[in-house]
Visitor: 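Just passing along the structure, written as structure tokens.
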Protein chains: 2
Amino acid sequence: MRYRKVPDETVRRLPLYLRGLRFFSEQSPDHVSSKILAEFLGINPWQVRKDLSYFGEMGTPGVGYKVKTLTNQNQRILRLDSVHNAVLVGVGNLGSAVLAYQGFRTYGIEIVVAYDSSPAKIGSKINGVEVKDISEMWQLNELDIDLGIISVPGGAAQSIADELISAGIKGILNLAPDYIRVPKKIKVISIDIAMDFARLPYYIPAS
Amino acid sequence: MRYRKVPDETVRRLPLYLRGLRFFSEQSPDHVSSKILAEFLGINPWQVRKDLSYFGEMGTPGVGYKVKTLTNQNQRILRLDSVHNAVLVGVGNLGSAVLAYQGFRTYGIEIVVAYDSSPAKIGSKINGVEVKDISEMWQLNELDIDLGIISVPGGAAQSIADELISAGIKGILNLAPDYIRVPKKIKVISIDIAMDFARLPYYIPAS
DNA sequence: GCCTGTGAATGTGTTCACAGCG
DNA sequence: CGCTGTGAACACATTCACAGGC
């Protein structure tokens with residue numbers, strides 16, 4: 001199966017494997033089997049094997065996958081082997097929470113600067129990150145930042161995205177409830193927590 | 001195509017259509033076409049038509065879909081036509097942000113109580129929602145709550161999920177980076193922002 | 001002429017079953 | 001004998017193309 005196109009769903013699961021590998025590396029073993037890893041993550045063993053096989057032969061028959069090696073390979077594939085700097089725009093409730101959240105660091109991603117339009121917030125520091133005036137976003141060009149997080153209210157995301165892109169950002173995590181139109185070169189991943197929450201009742205049998 | 005099984009991906013998009021419909025209802029028109037709606041949401045017209053057709057004939061050829069009617073139908077399908085009460089567990093950064101976030105209300109979901117283990121937080125009110133001691137979660141049984149949000153640190157989600165389920169919760173939005181094992185009757189939707197963010201560099205061409 | 005609804009065709013992802021290595 | 005890697009079978013989702021209603 002070498003050299004076949006990697007399914008997007010496989011890419012989506014790569015960070016999940018990283019999460020599992022991190023867990024097992026804190027435990028004991030040198031090796032994990034697809035079965036053990038899958039069980040921990042709540043998926044099937046053959047899915048794990050198939051996913052990993054897209055990138056070459058990663059494991060050893062009869063033994064499993066070497067935790068450390070697989071972690072490194074996985075990080076390299078996701079380009080998480082080098083540090084990525086990120087900018088966050090919109091220091092509201094969600095934006096502040098994201099700033100305070102340490103979870104990105106474990107993947108080698110660091111938020112180095114934030115922007116907001118509210119005078120009350122500009123100049124302050126949240127979790128060690130300086131909040132600057134949104135009208136100074138052009139300065140981003142000077143910095144080595146390739147990722148952006150948009151956590152502004154609905155309706156405002158498109159113009160922020162445009163600014164981020166013209167400031168050289170290559171990938172955007174969009175937390176606003178807006179569809180944003182971008183050039184093909186730019187990758188957008190959108191999360192709308194309210195939308196995900198809203199489909200939960202569908203699955204609940206009538207009370 | 002009547003009476004065929006509704007694809008999960010279609011259900012996932014229903015709240016998206018609701019988002020679009022809300023936008024257009026604030027504008028002018030009685031009707032929207034699949035083309036207009038699709039363009040606003042960043043998807044294809046035929047996807048919109050196919051999705052909606054699973055639930056019967058919703059539109060009028062030559063005219064489009066009636067905004068108000070489609071909104072009502074959509075809400076009924078998602079069971080968002082009645083109010084749902086929710087509980088949130090874990091009033092950290094993310095949990096507080098979610099409490100303060102108004103976005104759920106527009107879907108008819110209301111967080112009515114929160115729990116945390118930190119004495120500093122217990123007894124306080126965040127955005128009008130009282131924070132109670134996590135050891136009192138059994139009291140949930142008394143209330144009419146069917147949804148739960150888990151926003152505790154990684155590693156703690158499973159035990160919280162167990163408690164929520166034994167307190168009668170039917171659906172869980174899991175924001176913690178944990179896989180949680182639940183009975184078949186219970187629906188879990190998991191969001192791991194860090195994980196989604198972490199696959200962004202994969203799509204960015206080498207700098 | 002415009003727009004919906006939908007079978008058919010296509011594309012994509014998952015699951016299976018097993019050959020082959022350690 | 002356990003576990004990986006993978007073609008093949010299957011399941012699911014998207015896209016197309018167009019018949020038919022307004």
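Every chain is numbered from 1, with letters handed out A, B, ... down the list of sequences.
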Visitor: Whole Å only: how far is the CG atom of A:Asp51 from the C1' atom of D:dC3?
Guide: 17 Å
Visitor: Could you please name the option among D:dT6, C:dG13, C:dT6 that lies closest to any side-chain atom of B:Lys50?
Guide: C:dT6
Visitor: Figure out the NE2/C1' separation between B:His31 and D:dC22, and round it to whole Å.
Guide: 12 Å
Visitor: Please report the interatomic distance CG(B:Leu143) to CG(B:Asn85), rounded to the nearest 0.5 Å.
Guide: 8.5 Å
Visitor: Counting side-chain heavy atoms from CB outward, which of D:dC22, D:dT15, D:dG5 is closest to B:Val63?
Guide: D:dC22
Visitor: Rounded to whole Å, how long is the line connecting atom CD of B:Gln47 with atom P of C:dT12?
Guide: 14 Å
Visitor: Between C:dG22 and A:Thr60, is there an OP1 or OP2 to side-chain N/O distance shorter than 4.0 Å?
Guide: no
Visitor: Could you walk me through whether A:Tyr179 and B:Phe40 pass the ring-ring contact (aromatic ring centres under 6.0 Å, His included) test, one step at a time?
Guide: CA-CA 7 Å; A:Tyr179 164 65; B:Phe40 177 73; 8.3 Å; no
Visitor: Quick check on DNA chain C: between A:Gly62 and A:Asn44, whose nearest nucleotide comes earlier from the 5' end?
Guide: A:Asn44
Visitor: Can a cation-pi geometry be assigned to A:Arg199 and B:Tyr107, taking NZ or CZ under 6.0 Å from the six-membered ring centre and within 45° of the ring axis?
Guide: no
Visitor: Let me spell it out: for each of A:Val6 and A:Pro61, pick the nucleotide of DNA chain C with the closest heavy atom. Which residue's pick is nearer the 5' end?
Guide: A:Val6
Visitor: Check A:Arg19 with B:Asp178, please: is the shortest side-chain N to carboxylate O separation under 4.0 Å?
Guide: no
Visitor: Nearest to the side chain of B:Tyr54 - D:dT14, C:dT15, C:dT4?
Guide: D:dT14
Visitor: Checking contacts here: which listed nucleotide (D:dG20, C:dG5, D:dC3) is nearest the side-chain heavy atoms of B:Tyr65?
Guide: C:dG5
Visitor: Roughly, in whole Å, what's the span from CZ in B:Arg12 to C1' in C:dG13?
Guide: 14 Å
Visitor: What is the separation between atom CH2 on A:Trp46 and atom C1' on D:dG2, rounded to the nearest whole Å?
Guide: 16 Å
Visitor: Roughly how far apart are A:Leu37 CG and A:Ile43 CD1, rounded to 0.5 Å?
Guide: 7.0 Å
Visitor: Consider the side chain of B:Asp8, meaning its heavy atoms from C-beta on, and name the nucleotide among D:dT6, D:dT4, D:dA13 that approaches it most closely.
Guide: D:dA13
Visitor: How long is the line joining CG of B:Asp30 and C1' of C:dC3, in whole Å?
Guide: 16 Å
Visitor: Which of these nucleotides, D:dT6, C:dT6, D:dT4, is closest to any side-chain atom of A:Glu57?
Guide: D:dT6
Visitor: Nearest-Å distance, NZ (A:Lys5) to P (C:dG11)?
Guide: 12 Å
Visitor: Give one of base, sugar-phosphate or nothing for A:Thr10, where a contact means two heavy atoms less than 4.0 Å apart.
Guide: nothing
Visitor: Rounded to the nearest angstrom, tell me the gap between atom CZ in A:Arg49 and atom P in C:dG20.
Guide: 16 Å
